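Right, one structure below, let's go through it.
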2 protein chains.
Amino acid sequence: MARLPIYLRALSALVEDNIGTCSSEDLATATGVNSAKLRKDLSYLGSYGTRGVGYDVDYLRYQIAREVGLTQDWPVIIVGIGNLGHALANYSGFRSRGFRVVALLDAAPEFKDTEVAGLPVRPFVELEEIVRAQSVSIGVISTPAQAAQDVADRMVGAGITSILNFAPTVLSVPEGVDVRKVDLSIELQILAYHEQRKAEVAP
Amino acid sequence: MARLPIYLRALSALVEDNIGTCSSEDLATATGVNSAKLRKDLSYLGSYGTRGVGYDVDYLRYQIAREVGLTQDWPVIIVGIGNLGHALANYSGFRSRGFRVVALLDAAPEFKDTEVAGLPVRPFVELEEIVRAQSVSIGVISTPAQAAQDVADRMVGAGITSILNFAPTVLSVPEGVDVRKVDLSIELQILAYHEQRKAEVAP
DNA sequence: CTCGTTTTGTCCTTCCGTTCACAAACTCCT
DNA sequence: AGGAGTTTGTGAACGGAAGGACAAAACGAG
Ligand SMILES: NC(=O)c1ccc[n+]([C@@H]2O[C@H](COP(=O)([O-])OP(=O)(O)OC[C@H]3O[C@@H](n4cnc5c(N)ncnc54)[C@H](O)[C@@H]3O)[C@@H](O)[C@H]2O)c1
Ligand SMILES: NC(=O)c1ccc[n+]([C@@H]2O[C@H](COP(=O)([O-])OP(=O)(O)OC[C@H]3O[C@@H](n4cnc5c(N)ncnc54)[C@H](O)[C@@H]3O)[C@@H](O)[C@H]2O)c1
């Protein structure tokens with residue numbers, strides 16, 4: 001369920017505001033979903049609400065976190081410390097949401113002995129070693145598109161089983177490895193599509 | 001249809017390789033979708049294939065580009081030139097895919113008289129002026145979450161009708177304005193969810 | 001010109017996610 | 001204690017996307 005993290009974020013905001021309990025309607029409007037859908041989503045995890053009252057914010061948050069697997073910190077590595085890799089390495093939001101960037105890797109020799117966001121940039125050849133030593137299972141690819149499949153293969157070879165790919169390529173990976181793709185150009189193109197439709201109807 | 005840009009990219013790659021024609025099967029494997037689905041998608045645009053032969057790569061690419069609205073260049077502004085905003089401003093992939101970053105805006109006074117990726121960083125108060133002068137309809141938000149709703153409101157007020165939001169917030173916008181959200185933490189959390197499932201079955 | 005091969009375009013079935021609607025469960029007030 | 005008012009959890013209806021399957025169309029060889 002891809003919506004659980006959204007609920008989780010909304011619940012965290014409620015905790016900040018010292019709100020102890022909330023109805024499905026409240027959560028639904030806060031997250032922009034239908035309240036029936038929200039209740040059905042939550043019912044898959046178990047019966048954590050109280051009829052006539054709502055959900056205990058803290059308790060529900062813990063239950064969702066447990067379901068998503070965020071009761072532990074996940075070690076993450078980032079490969080490709082260019083424009084995007086820098087931004088990701090510096091992003092503090094990962095840390096606060098259950099992820100710990102344990103290593104940055106790049107193939108370019110210029111990076112030797114440099115640090116980004118307090119972490120040394122390590123040579124790409126050390127991938128296997130790092131993955132093994134830190135039991136990393138999640139890797140982020142922010143290299144150019146041509147290198148992405150190679151990097152993915154090496155990651156899989158090293159034991160990584162989940163990949164977040166920013167390069168605009170379709171990665172082919174063996175069964176059992178999950179890949180999620182984030183493609184900003186495609187997002188913009190989808191916006192452009194709708195934008196064009198608007199422009200067509202108007203004049 | 002959110003898959004058209006994916007087809008577009010694959011077709012561009014085929015053009016690079018001087019491949020003049022291709023079957024739905026070819027395109028389907030290149031993009032990782034089912035060939036029946038792909039044909040159905042394309043049939044919505046019209047009958048651009050030849051039975052027994054396949055699709056003319058160049059022609060199909062143009063038709064999809066036209067449908068998506070990429071026969072023109074879309075001007076785009078980026079608000080919030082921090083870690084992520086820098087990366088976006090420096091990204092050359094937008095330019096080659098039909099988008100032109102026409103302005104960078106940030107509220108922080110430190111940015112006065114600085115340039116990023118060859119563009120001056122302009123004060124946020126100039127938003128309306130820029131949007132009007134350049135007829136911008138697409139805006140990117142890469143500010144902290146607290147500022148995102150404000151920025152979105154100002155954008156909408158200035159005449160922007162499509163927003164790409166990187167801040168982890170649900171934006172509320174009037175009817176007729178499109179918002180797409182990119183949330184990297186959520187992507188990672190979805191990976192963590194699957195990762196946890198794998199770990200549960202194994203031992 | 002005909003036949004066999006290839007590939008599109010589309011009908012039809014299946015399946016999954018969404019939404020409605022409502023009984024069951026709980027609280028609070030009198 | 002009972003009734004009024006809330007809110008959950010879920011059965012059932014709905015809608016639309018996905019995929020299987022195949023007829024229609026194009027091409028080339030003989
Ligand atoms: N910058 C953005 O805002 C942005 C936006 C959308 C998509 N992307 C995509 O993200 C990827 C990275 O973008 P970027 O702007 O950071 O590019 P970049 O060129 O700035 O950085 C790429 C980095 O990857 C490293 N690299 C190259 N080959 C490698 C390999 N085989 N192993 C390890 N490291 C390797 C390079 O040394 C470089 O440091 C690209 O695929 C790009 O299309 C970037
Ligand atoms: N850096 C990443 O890799 C990353 C990853 C995922 C999500 N995000 C999200 O993207 C957003 C930006 O991240 P970042 O790391 O670049 O943050 P950042 O703090 O480095 O940059 C934010 C920029 O926005 C500017 N800003 C603040 N308020 C503004 C306003 N009202 N109007 C205009 N500009 C304003 C600030 O001056 C700053 O330059 C955040 O919401 C973050 O959660 C970032």
Side-chain angles (χ1 to χ4, degrees), chain A residues 1-8 10-11 14 19-64 66-68 170 175 178-181 186 190 193-194 197, chain B residues 1-8 10-11 14 19-64 66-68 170 179-181 186 190 193-194 197:
Chain A
M1 287 299 171
R3 282 185 298 272
L4 291 181
I6 306 179
Y7 304 151
L8 202 49
L11 288 169
L14 292 177
I19 295 175
T21 185
C22 75
S23 69
S24 63
E25 206 69 50
D26 296 341
L27 243 191
T29 51
T31 53
V33 304
N34 181 294
S35 70
K37 177 157 55 165
L38 187 143
R39 285 200 299 278
K40 185 155 281 189
D41 286 347
L42 297 186
S43 76
Y44 282 109
L45 316 187
S47 242
Y48 296 134
T50 313
R51 301 182 183 208
V53 179
Y55 299 92
D56 182 282
V57 173
D58 239 349
Y59 183 58
L60 181 59
R61 186 169 72 127
Y62 173 75
Q63 293 299 338
I64 295 182
R66 195 168 56 88
E67 180 75 12
V68 177
V170 180
E175 184 109 359
D178 284 305
V179 174
R180 290 193 70 86
K181 188 171 106 179
I186 287 184
I190 293 171
Y193 171 80
H194 292 300
R197 298 236 133 176
Chain B
M1 284 295 171
R3 283 184 298 271
L4 291 182
I6 306 179
Y7 304 151
L8 202 50
L11 287 169
L14 292 177
I19 294 174
T21 186
C22 76
S23 70
S24 64
E25 205 68 50
D26 296 343
L27 244 189
T29 52
T31 53
V33 305
N34 181 292
S35 70
K37 179 159 52 166
L38 187 145
R39 285 200 298 279
K40 183 163 286 186
D41 286 346
L42 296 186
S43 76
Y44 282 108
L45 315 187
S47 243
Y48 296 133
T50 313
R51 301 184 182 206
V53 179
Y55 299 91
D56 182 281
V57 173
D58 240 349
Y59 182 59
L60 181 59
R61 186 168 72 127
Y62 173 74
Q63 292 298 340
I64 295 182
R66 196 169 57 87
E67 179 75 11
V68 176
V170 180
V179 174
R180 289 191 70 86
K181 188 171 106 177
I186 287 185
I190 294 172
Y193 172 79
H194 293 301
R197 297 236 134 175

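Chain naming here is simple, since letters A, B, ... match the order of the sequence lines and numbering starts at 1 in each. All values reported here derive from a predicted model rather than from experimental measurement.
Atoms NZ (Lys37(B)) and P (dG19(D)) sit 5 Å apart, rounded to a whole Å. Whole-Å rounding puts the Leu42(A) CG to dT18(C) P distance at 13 Å. Between Tyr7(A) atom OH and dT8(D) atom P the separation is 13 Å, expressed in whole Å. The distance from atom CG of Leu38(A) to atom P of dC20(C) is 14 Å, rounded to the nearest whole Å. Atom-to-atom, CD of Glu25(A) to P of dG5(D) comes out at 19 Å; the value is rounded to the nearest Å. We find that CG of Leu27(A) is positioned 17 Å from C1' of dT6(D), with the value rounded to whole Å.
The side chain of Asn34(B) contributes no N or O atom lying less than 4.0 Å from OP1 or OP2 of dA17(D). In this model, the phosphate group of dT8(C) is approached by a side-chain N or O of Ser24(B) to a distance below 4.0 Å at OP1 or OP2.
Annotation: side chain to side chain donor-acceptor pair (under 3.5 Å) contacts of Ser23(A) (sequence neighbours excluded): Asp26(A).
Proximity of Leu4(B) to Leu45(B): side-chain heavy atoms (C-beta onward) are separated by under 4.5 Å at one or more points. Within the 4.5 Å cutoff, side-chain heavy atoms of Tyr7(B) are placed close to those of Leu42(B). When side chains are defined from C-beta on, Lys37(A) counts as touching Arg3(A), because their heavy atoms get closer than 4.5 Å.
Closest approach to the Arg39(B) side chain among dT7(D), dT10(D), dT10(C) is made by dT10(C) (side chain taken as heavy atoms from C-beta onward). When distances are taken from the side chain of Ser23(B) to each of dT8(D), dT7(C), dT10(C), the shortest belongs to dT7(C).
Closest approach of Ile190(B) to Ala2(A), counting heavy atoms only: CD1-CB, 3.8 Å. When every heavy atom of Ala10(B) is checked against every heavy atom of Leu27(B), the shortest pair comes out as CB-CD2, 3.7 Å.
Residues from residues 44-58 of chain A that place a heavy atom under 4.0 Å from any atom of DNA chain D, listed by number: Ser47(A), Tyr48(A), Gly49(A), Thr50(A), Arg51(A), Gly52(A), Val53(A), Gly54(A), Tyr55(A).
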For this session: Let me see the working for Arg39(B) and Ser43(B) under side chain to side chain contact (heavy atoms under 4.5 Å, CB included), right down to the final yes or no.
Result: CA-CA 6 Å; Arg39(B) 285 200 298 279; Ser43(B) 76; over 6 Å; no
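Side-chain atoms of Lys40(A) and base atoms of dG17(C) include no donor and acceptor less than 3.5 Å apart.
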